Structures are given as C-alpha cells and as structure tokens.
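Since this is a predicted model, take the numbers as computed values, not measurements.
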2 protein chains.
Amino acid sequence: MTAVDPLAASCPLPLAETERVLLGHGSGGQLSAELIGDVLVPALGSAAPAGALEDAAVVPIDGVDVVLSTDAYVVSPLFFPGGDIGALAVHGTVNDLAMRAALPVALAVAYVVEEGFPLADLRRVAASVGAAARAAGVPVVTGDTKVVGRGAADGLYVVTTGVGQRLAGAAPSATGAAPGDAVLLSGPIGSHGTTILSVREGLGFDADICSDTQPLHRLVAAMVDAGGDAVHALRDPTRGGIASALNEIAVTSGVGIEIDEQALPVPAPVQAACEILGLDPAHVANEGCLVAFVAAHRADAVLAAMRSRPEGRAAVNIGTVRDTEPGRVVVRTSVGSRRILDMLVGEQLPRIC
Amino acid sequence: MTAVDPLAASCPLPLAETERVLLGHGSGGQLSAELIGDVLVPALGSAAPAGALEDAAVVPIDGVDVVLSTDAYVVSPLFFPGGDIGALAVHGTVNDLAMRAALPVALAVAYVVEEGFPLADLRRVAASVGAAARAAGVPVVTGDTKVVGRGAADGLYVVTTGVGQRLAGAAPSATGAAPGDAVLLSGPIGSHGTTILSVREGLGFDADICSDTQPLHRLVAAMVDAGGDAVHALRDPTRGGIASALNEIAVTSGVGIEIDEQALPVPAPVQAACEILGLDPAHVANEGCLVAFVAAHRADAVLAAMRSRPEGRAAVNIGTVRDTEPGRVVVRTSVGSRRILDMLVGEQLPRIC
C-alpha cells in the first residue's frame with residue numbers, strides 16, 4: 001500500500017487530466033510553468049526557444065545583440081491607484097528588457113478592444129502609454145488595434161513588445177546565479193497585487209497603498225555600472241511574486257537559495273491586507289522591484305548603487321545563493337527555523353497584470 | 001443653404017460623436033484610420049511614431065536597421081479551411097516585415113486565453129504556430145500567456161511580434177510610390193475573407209475556396225533581387241482588402257492610382273460568394289498576396305520574378321501610378337468608364353484576422 005499524502009487532494013490535477021485551461025494557468029506559478037513547459041514550448045517543435053526561459057530573448061542581428069520581450073496585459077480594473085493598464089504595459093516590457101541588462105529602444109503596442117468600450121477610456125489609456133514611454137525615454141514605433149464584439153473581451157487588453165540594446169559589461173541570465181552570490185531586492189514587495197485586489201473587491205486598503213509600477217532600466221544601468229559582470233542574474237517578481245521569481249532562478253541556475261525572512265521588506269498596509277486575505281506577501285505580484293544575484297565581492301557596491309537611485313533607495317540584501325539543495329528556496333525564519341518557500345501552485349489573484 | 005448629401009445619413013458618425021468604440025473601428029478601413037490617426041497616435045504625444053504609418057517600423061540599433069511589427073489576431077472561427085489563428089498570426093507578422101523588405105529573424109507570441117478553453121485546441125494552435133514558423137525559417141524566441149475568466153475573451157487571441165533584418169538593395173515604404181510606377185498584384189484576391197465568412201455563417205462556399213494565408217518574404221526577396229530599389233512600395237491587402245491598401249498608398253505617397261478592373265484576379269467562387277453576400281471583392285481581406293509599386297523600367301523583370309515563385313505564379317500588372325488626383329484610387333471598368341474605389345468605411349466582416 002502507498003501512503004496517502006493529505007495535501008495531494010487539494011493539488012490541481014495534472015494538465016492531461018484537466019483538459020481545459022484554468023485560471024491558475026495564468027498565475028505565473030507552477031501551473032503556468034507546466035502550461036509553458038509541457039504544452040506551449042513542446043508544440044513549437046524545432047521553432048522553440050533555445051535554452052532557458054528568460055524574461056526577454058537575445059536575438060543576434062547582423063552582429064548586434066537585439067533583446068526582445070512581449071507581454072499581454074489583462075489587468076482588471078484598467079485604472080488603479082498608482083497606475084493603469086497603459087503605464088503597466090510600458091513598465092512591464094521595459095523591465096523585462098532590463099532584466100537582460102538592455103535599455104529599451106522601441107516599443108510596439110497592440111490593443112484588443114471590446115465593441116462599446118468608451119473612447120474616452122481608450123484615449124486615457126493611450127495617453128498613459130505615451131506618458132510612460134516618454135518618461136522611460138522610448139518611442140512607440142508601431143502598433144495594431146483589433147475590435148471584438150460585445151462580450152468577447154472585458155473592455156480592453158494591451159500587448160506590448162519591446163526591443164532593446166544590451167548595456168556593455170554585463171550579460172545577466174536566469175542561468176547565471178552562482179553559489180556565494182548575494183541576493184539583493186530593490187524595494188518593498190506586495191504593493192501591486194494587494195492594491196489591485198483591494199480596488200477590485202472594494203476592500204479599502206488602497207487608501208494606504210498603491211501599485212509600485214515603475215520602469216527599472218535606469219536602476220539596472222546603475223547596477224551594471226557598479227557591478228559589471230558580477231551582476232549574474234536579474235528578475236522582476238511580477239505574477240507569482242518573489243517566491244516564483246526565486247524558485248525560477250533556483251531551478252534554472254541549478255542552485256539553492258536561502259532567504260532571511262526578517263530582511264524581506266513588506267510594508268505594514270500590505271502585511272495587514274495579506275493577513276486579512278490569507279495571502280503570503282511572497283506570492284503577491286510586484287511591478288516595480290527586482291531581485292538581483294550578484295557575486296559577493298561586488299554586492300556592497302551594487303547595493304550602494306541601487307540605493308543611490310529613487311527606484312532602489314530601499315534596496316536590501318535578503319539572502320545568499322548556496323551550492324546545496326539545488327532548485328530549492330529556503331527561508332530562515334525569525335525564530336531560527338528553516339522552511340521551504342514554494343512557488344504559488346494555482347491561482348491566487350487572477351488578472352493582476 | 002447647403003445642399004444635403006443623400007449619402008451622409010448612412011455614414012458613421014465622427015469619432016467625437018460616437019463616444020464608444022464600434023466594430024468598424026477594427027475594420028481596417030476608414031474608421032480604423034480615424035481611430036488610429038485621431039485618437040491613438042495623438043494620445044502618444046512625442047512618443048508617437050515619426051513619419052508615415054507603415055506595416056512595420058525600422059528601428060536603428062547600433063548601426064543596424066532592425067524592422068519591428070506587431071499584430072493582434074482575433075479571427076473567428078479559430079480553425080478554417082486553409083489555416084488557423086496560429087498560422088495566420090505567423091504569416092501576418094512575417095508579411096508585415098516583408099512589406100519593408102525585411103526577412104524575419106525572430107518572433108514573439110502572446111496568448112490571451114479564456115478559462116475553460118480546451119487544452120487540445122491550445123496545443124493545436126501552438127503546434128500550428130510552430131509549423132508556420134519552421135516553414136518560414138524563423139524561431140519563436142519568447143512569449144507570454146495570460147488567462148482571463150470565462151466570458152472575458154472568446155476562446156483565444158494571439159498577438160505576434162516579429163523582428164527582421166532588411167534585405168540589401170531596397171527600402172520600400174508606404175511613402176515611396178511614384179508617378180509612372182506599375183502596380184503589381186501577386187495573386188488572386190478575396191479568398192481569405194470569403195472563406196472565414198462562409199465557415200462562420202455556415203454558407204458552404206468553403207467547399208470551393210480556402211484562405212490564401214501564406215508567408216510572402218521569399219517572394220519579396222525574389223522581387224528585390226530582380227528590381228532592387230525600383231521596388232518603391234509594398235503592401236499586403238489584409239483587413240479592408242485591396243481597396244484599403246491602394247487608398248493608403250495613394251494618400252501616404254501623395255499620388256493617384258488607376259486600376260484596370262478587368263485585370264483584378266477574382267476567383268469564380270469568390271466572385272459568386274461576394275455577389276450573393278453583397279460584398280465588393282476589393283474590400284475583402286487577403287492573407288497571402290501583396291501589391292507592389294515598381295518603377296516602370298523594372299516592372300517586367302519584377303513581374304517575371306514574382307511568377308517564378310509559387311506565391312506569385314498568378315501575378316499580374318493591375319494598373320499605374322499617376323501624378324493627377326493625388327490620394328485617389330480610380331478603377332477603369334470593362335465598359336471604359338471610370339469610378340472611384342473608396343476605402344471600406346465601416347465594418348464588413350468583423351474578426352477576419
């Protein structure tokens with residue numbers, strides 16, 4: 001007889017048995033990873049990406065390393081404290097390029113609009129795309145707009161794609177984290193996800209918090225300037241939160257990661273909201289911070305460079321990369337015990353970005 | 001007193017008065033042009049694209065001209081004779097790059113999926129993306145997947161973005177058509193739109209016709225090889241059909257275009273379907289042909305090069321660019337009269353691509 005795992009019954013079914021796409025497949029957590037790894041990438045055959053899954057791909061064109069990233073935005077509501085779907089779409093794509101140490105050179109924006117959507121709202125979103133792009137210093141060079149009938153979309157979806165140019169001196173990759181690296185976090189976590197949930201559900205926390213959505217490419221430029229090729233890996237902890245980001249790097253780089261729970265900066269209103277909602281702040285989406293894996297000998301210099309920028313003024317060292325327990329993220333708690341920090345399995349907060 | 005235009009009452013209201021997005025704003029015709037020109041581009045402010053609206057933008061990165069294009073696909077049904085949303089998405093983006101004489105180097109694919117969508121269909125679409133990309137010789141290097149709740153999308157939308165590298169020797173642009181140019185069409189028109197409509201409405205024409213969806217970059221390479229910089233402008237007549245493509249070039253290049261109605265190749269089943277449905281084949285979408293504006297002295301050589309390729313074996317010379325009536329497209333009919341060929345104004349066939 002086989003021992004029965006009491007947790008197994010609450011786990012989602014494997015892909016082959018669900019037969020249908022679940023909300024959790026868009027969570028950025030384990031189900032997302034399965035959908036991508038077991039369905040979408042294998043279906044491409046030899047047209048699939050070579051190597052590890054990164055926030056952005058490096059494409060050599062005529063001897064120049066062009067960086068490419070695409071993101072679909074389906075956030076609900078479209079407008080929220082701290083931003084809207086337009087700003088979020090620009091920041092998210094700028095940030096995915098930045099995670100490969102690339103500065104944005106051009107953006108493409110596609111809209112899928114539901115028939116009957118107010119033109120004033122579309123104008124407002126497009127203006128926000130423009131303002132965010134100008135603030136990031138990147139032009140929108142091309143786009144596409146499709147209209148679907150009433151009921152065939154929930155208002156508006158935005159898909160942004162960016163091309164970027166790599167900064168000289170660093171080539172961070174999801175495969176690059178190495179034992180001994182310091183794990184640096186650029187700022188507090190959990191604001192974006194709890195803000196969206198609060199607005200959507202009318203919970204009222206959004207009086208105290210707002211989305212952290214912001215572009216991070218200038219922060220990355222300062223980090224590369226200070227750390228050069230000691231900046232081994234970068235990831236922005238969006239869907240699935242910092243727990244998913246750390247687990248992805250642990251798996252892709254084949255290393256263990258140990259985090260100090262007390263060092264994780266969680267704003268008090270975020271902590272309060274998460275306690276009431278039963279959420280772990282480590283699983284909540286962020287749109288304006290990054291986690292960096294930096295060789296120990298440059299960690300202090302990179303941390304100082306981060307703190308010199310407004311986006312990184314609250315940057316902290318949250319842990320260390322280990323050569324033990326590869327693929328696993330462990331948290332040292334305040335009482336000295338150790339627990340495993342898992343990826344989010346199913347869906348916690350749909351349509352967060 | 002002002003004379004009353006009897007047609008005015010049937011025209012759509014100007015944007016400011018509708019206040020809401022209409023299906024016609026996605027038609028690829030006049031309302032689309034107004035939405036883009038009056039709302040989306042101005043809202044970007046100084047982040048807006050410089051110059052004319054092209055199928056793809058040219059982005060200089062470190063001295064290399066990188067070509068970028070993005071397209072959202074919302075076709076209904078997802079699977080149809082001759083293709084599906086996956087193949088269509090790859091071909092459409094490859095073709096938009098080709099209209100700037102660029103070969104595709106890498107694709108990014110984003111999916112917006114409705115909760116409950118059958119995994120088998122998602123696998124089938126992803127496999128079709130892979131097969132089309134392999135056939136076009138371009139890898140899919142990155143992507144994104146979002147899941148929205150039931151009722152928040154109609155099954156599946158696909159957004160593809162491509163980066164390409166320009167062929168040496170030609171720089172076709174929507175501004176490039178010049179008086180005296182021959183107007184060359186690579187193949188018969190109307191198959192894609194009538195196929196989609198037939199399948200969607202259960203009309204049965206699809207027993208005789210199928211979508212013409214196919215990649216055109218190798219055809220363009222042969223044309224550039226034969227014509228070099230005499231290839232002034234290229235456009236693939238997708239949404240809005242060849243009428244919209246010709247009008248866009250006439251306006252953007254500031255020229256008149258005269259087309260010989262008898263030279264326009266319309267397959268008999270397409271003609272029959274259009275007559276029954278009350279459609280003008282010139283307004284029906286295509287996904288596998290292009291119209292080229294080529295200097296007269298190289299027109300025969302380029303036409304011969306087109307006919308040497310399977311995608312262009314039925315290529316024909318359909319007309320001439322004039323220095324009179326700039327911005328206007330005129331058709332010479334079989335009885336010798338002349339009529340204006342307008343852009344589609346509102347919506348004829350929603351969700352055709």
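Of the atoms belonging to A/R124, not a single heavy atom falls under 4.5 Å from chain B. Heavy atoms closer than 4.5 Å to chain B are found in the side chain of A/Y157, but not in its backbone. Contact annotation for A/V113: only side-chain heavy atoms (C-beta onward) come within less than 4.5 Å of a heavy atom of chain B. For chain B, the nearby parts of A/V129 are the backbone and the side chain; heavy atoms of each come within less than 4.5 Å. Of the two parts of A/P42, neither the backbone nor the side chain holds a non-hydrogen atom closer than 4.5 Å to a non-hydrogen atom of chain B. Of the atoms belonging to A/S69, it is backbone heavy atoms, and not side-chain ones, that fall under 4.5 Å from chain B. B/V112 touches chain A through its side chain: at least one heavy atom from C-beta onward sits under 4.5 Å away, while N, CA, C and O do not. Interface remark: A/V109 contributes backbone atoms only to the contact with chain B (heavy atom separation under 4.5 Å). B/A48 touches chain A through its backbone: at least one of N, CA, C or O sits under 4.5 Å from a heavy atom, while the side chain does not. A/V141 touches chain B through backbone and side chain together, each having a heavy atom under 4.5 Å away. Looking at A/V148, both its backbone and its side chain come within 4.5 Å of chain B, counting heavy atoms on both sides.
Here the side chains of A/H25 and B/T145 are not in contact, with every heavy-atom distance at 4.5 Å or above. At least one side-chain heavy atom of B/C353 sits less than 4.5 Å from a side-chain heavy atom of B/R239.
Interface check for chain B: of the options A/E115, A/E114, A/K146, the most heavy-atom pairs under 4.5 Å are formed by A/K146. Heavy-atom pairs under 4.5 Å with chain B peak, among A/L40, A/L122, A/D154, at A/L40. Highest contact tally toward chain B, considering only A/V41, A/D62, A/D121, is held by A/D62 [criterion: heavy-atom pairs under 4.5 Å]. Contact count versus chain B (heavy atoms, under 4.5 Å) is highest, among A/G143, A/A152, A/S32, for A/A152. Between chain A and the options B/P139, B/P60, B/G130, B/G45, the largest number of non-hydrogen pairs under 4.5 Å is found for B/G130. Top candidate by heavy-atom pairs under 4.5 Å with chain A, chosen from B/S46, B/G149, B/G164, B/G137, is B/S46. Interface check for chain A: of the options B/V64, B/V138, B/V125, B/L107, the most heavy-atom pairs under 4.5 Å are formed by B/V64. Among the candidates B/T161, B/V159, B/I61, the residue making the largest number of heavy-atom pairs closer than 4.5 Å to chain A is B/I61. The candidate with the highest count of non-hydrogen atom pairs below 4.5 Å against chain A, out of B/P118, B/A127, B/G116, is B/G116. Of all the listed residues (A/A72, A/A57, A/A131), the one sharing the greatest number of non-hydrogen pairs under 4.5 Å with chain B is A/A72.
In terms of modelled atom types and a separation under 3.5 Å, the side chain of A/D65 and the main chain of A/V58 share no donor-acceptor contact. Side chain of A/D96 to main chain of A/M99: no donor-acceptor pair is present (N/O by atom type, distance under 3.5 Å, no hydrogens or angles). No donor-acceptor pair under 3.5 Å is formed between the side chain of A/R123 and the backbone N or O of B/V39. Using a distance-only test at 3.5 Å, with no hydrogens or angles considered, a donor-acceptor pair links the side chain of A/R134 to the main chain of B/L44. One N or O on the side chain of B/T160 and one on the backbone of B/A89 form a donor-acceptor pair closer than 3.5 Å. Within the 3.5 Å criterion, the main-chain N or O of B/L119 finds no donor-acceptor partner in the side chain of A/E19. Of the possible donor and acceptor atoms, none in the side chain of A/D236 sits under 3.5 Å from a partner among the backbone N and O of A/A245. Between the side chain of B/R235 and the backbone N or O of B/A174, no donor-acceptor pair lies under 3.5 Å. A donor-acceptor contact shorter than 3.5 Å links the side chain of A/R200 to the backbone of A/S76.
Exactly one residue among B/V59, B/T93, B/V66 makes a side chain to side chain contact (heavy atoms under 4.5 Å, CB included) with B/V163. That residue is B/V66.
Atom-to-atom distance recorded for B/L68:CG and B/R100:CZ is 11.0 Å, nearest 0.5 angstrom.
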